Asker: 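Take this structure, written in structure tokens, and hold onto it; I'll ask about it next.
Remember, it's a predicted structure, so these values are computed and weren't measured experimentally.
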Amino acid sequence: AAAAVRAGRSTSCRAARTAPRRMAERAGGGHGGTSAQDVLQRSLEGLKSKDTEERSVSAKKIRQYLEQEARTRSRESFSRVLNSITANCIEKWANSSNANDSLACTLLIAELVSIPSDEIARKTVQFVNQLSIIIAQQATGKIPSSPDSSSSLKTLETASHVLGKLASSTATATSLFVEFECKRAIEALQERNPSEMKRYAAVLVLKEFAIYSPTLFNIHSNDFFQCI
């Protein structure tokens with residue numbers, strides 16, 4: 001039984017490592033992809049680096065690549081690229097227990113939602129769900145003693161910021177998810193003894209909604225101020 005568990009974990013780790021490569025191959029039509037797809041593959045892997053500068057450079061390259069793809073590909077073709085990224089990177093990373101995977105996922109979503117594209121806008125609800133999963137995973141325990149070096153804090157701050165940006169969308173589902181997330185955050189603040197990270201995560205989410213969606217946040221402002 002123990003051997004089976006180890007084998008399962010090994011398979012899962014290999015899948016997470018090879019996901020960006022498979023995604024790039026599908027986007028480029030196979031192993032003979034252009035250098036642009038090679039850059040995309042390296043950049044996706046770079047998002048999981050522990051080095052802040054490397055993550056930043058990788059994120060910028062991914063955005064440049066996708067902006068070019070959005071301009072030059074047909075709607076259907078670009079949609080396939082997005083679906084491949086979502087399935088092979090975002091979904092896997094969002095559900096990973098690895099902090100670097102979670103941070104990489106939030107950074108990737110942040111770059112995607114910054115690109116003006118109807119195809120990306122259609123994935124708003126999916127991105128909200130993935131960010132909610134990540135925030136819940138990271139919002140446990142005490143606030144780290146060294147905040148500047150904490151990937152959990154960085155992930156929480158990035159994820160809540162991107163969630164806030166999505167709240168400024170004019171999509172029909174925006175008001176629904178803002179209402180749901182506001183209530184969930186306020187309920188976390190109303191708990192008798194919430195963990196430090198859970199309380200911090202709730203405040204971060206509500207702060208971003210107050211900035212990016214003040215009209216919707218205002219409905220909950222009284223409850224918010226009572227909680228804090």
Side-chain angles (χ1 to χ4, degrees), residues 12-24 27 35-69 82 85-86 88-115 120 123 127-128 130-168 195-209 211-212:
S12 177
C13 291
R14 287 197 299 273
R17 288 196 299 269
T18 59
R21 183 172 65 253
R22 294 198 306 272
M23 190 284 301
S35 58
Q37 277 96 43
D38 293 336
V39 171
L40 174 62
Q41 177 187 330
R42 291 195 298 271
S43 298
L44 287 167
E45 293 169 349
L47 282 182
K48 297 195 290 183
S49 170
K50 294 182 179 180
D51 182 74
T52 303
E53 181 63 23
E54 184 176 352
R55 290 199 304 264
S56 178
V57 171
S58 296
K60 182 178 179 180
K61 288 180 178 179
I62 290 170
R63 180 173 179 176
Q64 290 173 340
Y65 172 85
L66 291 174
E67 285 175 336
Q68 176 69 16
E69 294 295 283
L82 287 178
I85 290 175
T86 301
N88 290 290
C89 296
I90 292 177
E91 290 179 0
K92 284 184 172 64
W93 293 347
N95 291 284
S96 171
S97 59
N98 185 289
N100 287 330
D101 287 351
S102 298
L103 180 55
C105 185
T106 61
L107 294 172
L108 180 53
I109 294 176
E111 294 304 320
L112 285 172
V113 301
S114 297
I115 300 172
I120 292 175
K123 292 187 176 293
F127 291 158
V128 167
Q130 302 299 347
L131 291 169
S132 296
I133 290 172
I134 290 171
I135 290 172
Q137 287 177 337
Q138 301 300 318
T140 58
K142 294 185 177 181
I143 294 177
S145 57
S146 301
D148 292 340
S149 61
S150 170
S151 58
S152 293
L153 281 181
K154 177 65 176 176
T155 301
L156 277 181
E157 291 163 359
T158 304
S160 60
H161 178 64
V162 179
L163 200 61
K165 290 180 67 176
L166 289 172
S168 65
S195 69
E196 291 181 358
M197 287 288 277
K198 186 173 185 178
R199 187 174 179 84
Y200 182 56
V203 171
L204 285 175
V205 168
L206 292 168
K207 181 198 77 170
E208 296 295 341
F209 285 157
I211 294 171
Y212 287 99

Asker: Please name the pair of heavy atoms, one in Ala104 and one in Lys48, separated by the smallest distance, quoted to 0.1 Å.
Answerer: CB-CG, 3.5 Å

Asker: With a 4.5 Å heavy-atom cut-off, do Ile120 and Leu66 have their side chains touching?
Answerer: no

Asker: Under the rule for side-chain contact (heavy atoms from CB on, under 4.5 Å), what residues qualify as partners of Ala110, not counting sequence neighbours?
Answerer: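 Partners of Ala110 under the side-chain contact (heavy atoms from CB on, under 4.5 Å) test: Val162.
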
Asker: Tell me every residue that passes salt bridge (Lys or Arg N to Asp or Glu O under 4.0 Å) with Arg55, counting only those two or more places apart in sequence or in another chain.
Answerer: none

Asker: With sequence neighbours left out, write down each residue that passes side-chain contact (heavy atoms from CB on, under 4.5 Å) with Ala202, or none if nothing qualifies.
Answerer: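 Ala202 satisfies side-chain contact (heavy atoms from CB on, under 4.5 Å) with Ala185, Ala188, Leu189 once adjacent residues are dropped.
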
Asker: Below 4.5 Å, heavy atoms only, C-beta onward: do Gln130 and Trp93 meet side chain to side chain?
Answerer: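 When only atoms from C-beta onward are counted, Trp93 and Gln130 do not touch, as no gap falls below 4.5 Å.
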
Asker: What's the separation between atom NZ in Lys154 and atom CD in Gln138, rounded to the nearest 0.5 Å?
Answerer: 13.5 Å

Asker: Would you say Ser132's side chain and Val128's backbone share a donor-acceptor pair under 3.5 angstrom?
Answerer: yes

Asker: Specify the closest pair of heavy atoms between Leu156 and Ala201, including all atoms of both residues, with the distance to one decimal.
Answerer: CD2-CB, 3.9 Å

Asker: Suppose we screen for salt bridge (Lys or Arg N to Asp or Glu O under 4.0 Å). Which residues come up paired with Lys123, at least two apart in sequence or across chains?
Answerer: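 Testing Lys123 for salt bridge (Lys or Arg N to Asp or Glu O under 4.0 Å), a comparison that skips the adjacent residues, returns none.
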
Asker: For Tyr200, which residues count as a ring-ring contact (aromatic ring centres under 6.0 Å, His included) partner, sequence neighbours excluded?
Answerer: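 Tyr200 satisfies ring-ring contact (aromatic ring centres under 6.0 Å, His included) with no residue once adjacent residues are dropped.
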
Asker: As an exercise, state the distance from OG of Ser58 to CG of Leu40, rounded to the nearest 0.5 Å.
Answerer: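 It is 10.5 Å, given to the nearest 0.5 Å.
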
Asker: How close do Gln137 and Ser102 get, counting heavy atoms only, and between which atoms?
Answerer: OE1-OG, 3.8 Å

Asker: I'd like to know if the side chain of Asp101 and the backbone of Ser97 have a donor-acceptor N/O pair within less than 3.5 Å.
Answerer: no

Asker: Of all heavy-atom pairs between Ala99 and Thr155, which one has the smallest distance, and what is that distance?
Answerer: O-OG1, 4.0 Å

Asker: Do Leu112 and Leu82 have side-chain heavy atoms sitting under 4.5 Å apart?
Answerer: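 Yes, close enough: below the 4.5 Å cut-off.
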
Asker: Looking at CG of Leu163 and OH of Tyr212, how far apart are the two atoms once the value is rounded to the nearest 0.5 Å?
Answerer: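 Result: 11.5 Å between the selected atoms.
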
Asker: Ignoring hydrogens and geometry beyond distance, is a side-chain donor-acceptor pair present between Ser114 and Lys165 at under 3.5 Å?
Answerer: yes

Asker: With a 4.5 Å cut-off on side-chain heavy atoms, are Ile62 and Ile85 touching?
Answerer: no

Asker: By salt bridge (Lys or Arg N to Asp or Glu O under 4.0 Å), which residues pair with Glu196, not counting sequence neighbours?
Answerer: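 Result, salt bridge (Lys or Arg N to Asp or Glu O under 4.0 Å) vs Glu196: none returned.
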
Asker: For a 4.5 angstrom cut-off between non-hydrogen side-chain atoms, does Val39 reach Tyr65?
Answerer: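 Answer no - side chains too far apart.
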
Asker: Roughly how far, to the nearest 0.5 Å, is CD of Glu111 from CD of Glu67?
Answerer: 8.5 Å

Asker: Ignoring hydrogens, what is the shortest heavy-atom contact between Glu54 and Ser49? Give both atom names and the distance.
Answerer: OE1-OG, 2.9 Å

Asker: Nearest 0.5 Å, what's the OG-NZ distance between Ser43 and Lys60?
Answerer: 12.0 Å

Asker: Can you tell me if Ser160 uses its side chain to pair, donor with acceptor, with the backbone of Glu157 under 3.5 Å?
Answerer: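 Between the backbone of Glu157 and the side chain of Ser160 there is a qualifying donor-acceptor contact (under 3.5 Å).
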
Asker: With side chains defined as the heavy atoms from C-beta onward, is the minimum distance between Met197 and Ile143 less than 4.5 Å?
Answerer: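 Yes; the side chains approach each other to less than 4.5 Å.
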
Asker: Rounded to the nearest 0.5 Å, what's the gap from OG1 on Thr158 to CD1 on Ile135? Could you check?
Answerer: 10.0 Å

Asker: Show the nearest heavy-atom pair for residues Ala139 and Ser195, with the distance to one decimal.
Answerer: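 Taking Ala139 first and Ser195 second, the nearest heavy atoms are O-OG, 3.8 Å.
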
